[in-house]
There are 2 protein chains.
Amino acid sequence: MARTQGSHSGITGPRIRDAALRLFAQHGFAAVSMRQIAREVGVQAGALYNYTPDKQSLLFHLMEGHMTELLASWGDQPGGGDSLSQLEAFTRFHIRFHLQRPDAVFIAYMELRNLSPENFIAIESLRREYENALESILKKGVTEGVLLVPDTKIATLAVIAMLNGVNTWYRDGGRLSLDQVEVIYWEMVRRAMMV
Amino acid sequence: MARTQGSHSGITGPRIRDAALRLFAQHGFAAVSMRQIAREVGVQAGALYNYTPDKQSLLFHLMEGHMTELLASWGDQPGGGDSLSQLEAFTRFHIRFHLQRPDAVFIAYMELRNLSPENFIAIESLRREYENALESILKKGVTEGVLLVPDTKIATLAVIAMLNGVNTWYRDGGRLSLDQVEVIYWEMVRRAMMV
DNA sequence: AGACTATCTGAACAGACGTTCAGAAAAAAC
DNA sequence: GTTTTTTCTGAACGTCTGTTCAGATAGTCT
């Protein structure tokens, strides 16, 4: 027997990625087996290897896809305005984007150690690119005298770490709306960075 | 054959915990086997079970020990002064304490999902206790009119998330000394929280 | 209708997993 | 110097791991 009814490449591929994303986020890369992913998709373990050469690549492409989407999405954002409004735009964008895909965010931050050395370098480079987007804004703000930070590199990492924290506690339908969260964090960021 | 020369309970126990801490932090709980830990200690896997009933307990007691030490250490800190200097004390303490034990911190934040439900609740309760220490300072500061935060609960989590970020980039012998790092972060925290 | 291709099954591989335990040896107690 | 206790070994257990592949089937093309 082979091929249960109605199964296609175009649908199985995404379902594998979805299942892997969810399971990796929930239990961790090392704790999830290929057979678990396959069961979730409704397929035998061997079938996964039509879509990924191995488990490591599956993880890598999930991370790479996430980071690429993050950069592209920030690139699509309207860019004008002064440093301060750019910083606000970044803050709000970061919160919104990351709250929309908690699983991918979780994996991108937690499973770095499970990447092979080359894959690690690739992901780190994408992350640095994103960090540079924020640092550029901070540097410009400092040059223009609008912002005042002790150290733009550290301020960049501090802001991102603070914003990432939202993902650990925010739940849909909770006490605060997404917009309220954006406002609260933007006020803290603004005061921490403004002259 | 049994018992290689000079092996004692008093020394093997700590060495197991040390090895487990380092390996869990490096590769993740699920990716580390009991045999790997045993090899690191220089003992057969079976010997580990004289010191822990199972792998899960080993993880739990590492986390519990870390959180308990964190709370005790903060409790030992001199407590006086106004809200602002208490907030400064907390900021500096948090950075210093966490930079001294990066492996334990890593595990305490990353391996929560590998805890059994009861163990998870226990660790979460200790963490909440620590968060409450900070939130009390913020609340007092707001009441006294010294601090101004949009939401003390969120501010608490934001500050801790920001401070935890230090562990991701700080390296001994790097560009900045521990004290410089404390100063920089304290300035950001102060400005974000002060009226 | 027949040939071809894409997709999947099911079994197999060699090795690793957490955990248990009888027995051996070292250390401690007497 | 003998007994008792603590600590460890080494083998074994049943199960799971990532990955491969021949063969089977469903969909597509001519």
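Here is the naming used below: chain letters follow the sequence lines, and residue numbers restart at 1 for every chain.
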Query - Minimum-distance nucleotide (side-chain atoms of B:Tyr49 versus D:dT17, C:dC8, C:dT20) - result: C:dT20
Report summary line: In whole angstroms, the gap separating P of C:dG18 from CG of B:Asp54 amounts to 11 Å
Query raised in the report: Are the aromatic ring centres of B:Tyr170 and B:Tyr185 under 6.0 angstrom apart?
Result: no
**Report entry** Below 4.0 Å: OP1/OP2 of C:dT7 and any side-chain N or O of A:Tyr51
**Finding:** no
Report summary line: Separation of C:dC17 atom C1' from B:Ile37 atom CD1, nearest Å, is 12 Å
Report task. Check whether any side-chain N or O of B:Ser33 sits under 4.0 Å from OP1 or OP2 of C:dA16, and answer yes or no. Result -> no
Report task. For B:Phe24 and C:dG18, give me the distance from atom CZ to atom P, rounded to whole Å. Result -> 9 Å
Report summary line: In whole angstroms, the gap separating C1' of D:dC8 from CE of B:Met34 amounts to 15 Å
Report summary line: Rounded to whole Å, NE2 of A:His27 lies from C1' of D:dC16 at a distance of 16 Å
Query raised in the report: Looking at side-chain heavy atoms only, is the closest gap between B:Leu58 and B:Tyr51 below 4.5 Å?
Result: no
Requested in this report: Find the distance B:Asn50:CG to C:dA27:P and express it as a whole number of Å.
Outcome: 16 Å
Query - Earlier contact from the 5' end, DNA chain D, for A:Gln56 and B:Gln44 - result: B:Gln44
Requested in this report: Give a yes or no on whether A:Lys140 atom NZ has more than 12 heavy-atom contacts from other residues, nucleotides or ligands under 6.0 Å away.
Outcome: yes
Query raised in the report: More than 12 non-hydrogen atoms from neighbouring residues, nucleotides or ligands closer than 6.0 Å to NZ on B:Lys153, yes or no?
Result: yes
Query - Value in whole Å for how far the P atom of D:dC8 lies from CZ of B:Arg39 - result: 18 Å
**Report entry** Sugar-phosphate only, base, or nothing, as touched by A:Val32 at under 4.0 Å among non-hydrogen atoms
**Finding:** sugar-phosphate
Query raised in the report: Who pairs with A:Phe93 by ring pair (Phe, Tyr, Trp, His ring centres under 6.0 Å), at least two apart in sequence or on another chain?
Result: A:Trp74, A:Phe97
Query raised in the report: Do the side-chain N or O atoms of B:Thr12 get closer than 4.0 angstrom to the phosphate oxygens (OP1, OP2) of D:dT7?
Result: no
Query raised in the report: Can you tell me how far P of D:dT7 sits from CZ of B:Arg15, to the nearest Å?
Result: 15 Å
Query raised in the report: Of the nucleotides C:dC8, C:dT19, D:dG18, which one has an atom closest to the side chain of A:Lys55?
Result: D:dG18
